[in-house]
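Lettering follows sequence order; numbering is per chain, from 1. Any value given below was found using the heavy atoms of this structure, including those in side chains, with hydrogens, waters and symmetry copies removed.
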Amino acid sequence: MSASGCRVRFAPSPTGYLHVGGARTALFNWLLARRSGGRFVLRIEDTDRSRHVSDSLEKILADMRWLGLEWDEGPEADGGADDAAGEGDFGPYCQSERLAIYQEHVQRLIDSGHAYYALETPEELAAMREQARAAKTDYKYRRPDPLPTAEQAQAARDAGRAVVVRLKMGDTAITVMDDILGEVTLAADQLEDFVIQKGDGWPTYHLACVVDDALMKITHVLRGQEHLMNTPKHIAIQRALGFDTPHYAHLPIIFNMSGSKMSKRDKEKALKRGEVPPEIDVHDFRVSGYLPEALLNFISLLGWSTGDDTEQITLDETTERFSVEGVGKGSAKFDRDKLLSFNTDWAAKVSEDRLLECFVDYLQVNGSPLAELPEATLRRMLELCKGFRTFPDVITKIGFAFVDDSAIEYQEKAVRKVLEKNDGAGYAALRNVVICLESLEPWTASAIEAELTKFCEANDLKLGGVAQPLRVALSGGTVSPAIFDTLELVGRERTINRIKQTMMQGSEQQ
RNA sequence: GGCCCCUUCGUCUAGAGGCCUAGGACACCGGCUUUUCAUGCCGGCAACACGGGUUCGACUCCCGUAGGGGUCACCA
């Protein structure tokens, strides 16, 4: 796209957390704005009060910020807006605060003969649809003739009936010029007079969206392909109102590996089956210990590619390379394995400071007491667990170092294999090594390494012969970071204590 | 069902008529490294949905078929 200074928008409905599909849409819009030196507008589409979920605006803003997709205009914008509200020059940016604007435009359409009052109730409409379905014919709303007058509409309202406003569709086909899909034409007989103002006086999505895009001077609309069939309606409204039509680009839809649409439903279903629910919302990935860098990078490659063999690139590099033309037409499946791989690589790649920052966020968002650990300790944990895939792996691997000695659970399998096998060779190793450890000075990884190496030579053991028993003694299982570092981190006192505790349990059983 | 969109390895994709013996990444399989678990390194398996055209030549262009998806609300 050669256009410069694109004004784009991301327009979520406040119905919960930000969905990954929405995040991809937000990202592409953000990318286009940054790439063209334009503005990224965040607009909240909350015209349906019945669907409103409390807190969801805050949640969406938090998710956007976590991803690093800052918006220039919109609620709590930090784009340096100089208007009173600090949101931007074309606010308000929540549709719930723009009712008068919509009603004014609806009135204009009525006055100009482009729209009319319609008196059918939802029940009547549903019955007509049902009738058509039973007769196996296509239902299409038929424009009343003559049209209800303003007086009739008022009389209906006075009688307690809700009155809607519909837009008159012309009798010519409408062609969408899509920057990804090309020309898409919808024949005139496929278009019907649709509702632009609901019975409660609020605009429908179509009207609000078009009016806002025009008033907010949006030049490019990037949205999901599920909106493709809405676009002719939007173009019709634009024409009736005398607005310019922005560029449109409909992004391919993101699916599950199973081929179904990714939805919150998946979480409920998994829960019902007693499975771990899959991450669907951005917040889910945050809680599961993914890095924003990895999620963003992975998501950017859903429907778009760098054009060469490079895949792992920063947001800045993505911005440099991104173009709407480079977006593919086909839908994409969300491959969690690949995301996991990306996360592993990003965790190994970002700076220590950044990794620490993300780790702390992970711990906090999960309400973990480990969040209170000294920074140096958290850094050490991260360093010892290098190669981890997501943050929970770190806890799994080294979390035992931060619990009470009495909380260690000894895994039966590990005890049998590492301690009891060969006439209790593991116990024997522990019994002997604990003596060396008790007097070792200083208690550092290198000193421990020297001591254990010496110990192995003296006892004709391989390192594993003592490292594994120590692992079981300290953690209850067979997995930990390098044994010397682990001992250092756990500390002498607790190391000795856990070894003795292990031996005691062993002798009880014998 | 009507309309619309889509179709390269299992998955994400590169490919814009000869560069293709179709490239990369994830997954998978095998090997190496290793005190455990990971990580890392090396190697391997694996695709142009099908059928017609057009062309000296089609993964690339056209038509059809099949399959997948979207949409048909006073929800966005």
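The CZ atom of A:Arg98 lies 9.0 Å from the NE2 atom of A:His105; values are rounded to the nearest 0.5 Å.
Separation of the P atoms belonging to B:U21 and B:G40 is 33 Å when rounded to the nearest angstrom. Separation of the C1' atoms belonging to B:A14 and B:G69 is 24 Å when rounded to the nearest angstrom. Using atom C1' as the reference point in both B:U33 and B:U39, the two lie 11 Å apart (nearest Å). The separation of B:U55 from B:C50, taken at their P atoms, amounts to 23 Å, rounded to a whole angstrom. The P atoms of B:U71 and B:G15 are separated by 29 Å, rounded to the nearest whole Å. Using atom C1' as the reference point in both B:G57 and B:G70, the two lie 37 Å apart (nearest Å). Nucleotides B:C9 and B:C48 are separated by 7 Å at their P atoms, to the nearest Å. Taking atom C1' on both B:A22 and B:U34, the two are 38 Å apart, rounded to the nearest angstrom.
Of the side-chain N and O atoms in A:Thr47, one or more sit less than 4.0 angstrom from OP1 or OP2 of B:A76. Within the structure, every side-chain polar atom (N or O) of A:Lys333 is placed at least 4.0 Å from both OP1 and OP2 of B:G10.
Under a 4.0 Å N-O distance rule, the pair A:Glu130/A:Arg133 qualifies as a salt bridge. With respect to the salt-bridge test (charged N to carboxylate O, under 4.0 angstrom), the residues A:Arg380 and A:Glu488 qualify.
In this structure, NE2 of A:His234 is placed 13 Å from P of B:C75, rounded to the nearest angstrom. Rounded to whole angstrom, the span from the CZ atom of A:Arg133 across to the P atom of B:G1 amounts to 14 Å. The interatomic distance linking A:Gln190 (CD) with B:C5 (C1') rounds to 14 Å, in whole Å.
Cation-pi geometry between A:Arg166 and A:Tyr141 is met: under 6.0 angstrom from the ring centre, within 45 degrees of the axis.
Remark: A:Glu352 pairs with no residue by the salt bridge (charged side-chain N to carboxylate O under 4.0 Å, His left out) rule, at least two apart or across chains. Partners of A:Asp200 under the salt bridge (charged side-chain N to carboxylate O under 4.0 Å, His left out) rule, at least two apart in sequence or in another chain, are A:Arg49. In this view, A:Phe322 and A:Phe28, A:Trp304 satisfy the ring-ring contact (aromatic ring centres under 6.0 Å, His included) rule, not counting sequence neighbours.
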Could you run down the sub-3.5 Å N/O contacts of the protein with nucleotides 64-73 of chain B?
{"residue": "B:A73", "atom": "OP2", "partner": "A:Arg129", "partner atom": "NE", "Å": "3.0"}

Give each protein N/O atom lying under 3.5 Å from an N/O atom of nucleotides 45-48 of chain B, with the pair distance.
none

Protein proximity profile, nucleotides 23-31 of chain B - base contact B, sugar-phosphate-only contact S, no contact -, cut-off 4.0 Å on heavy atoms
BBBBS----
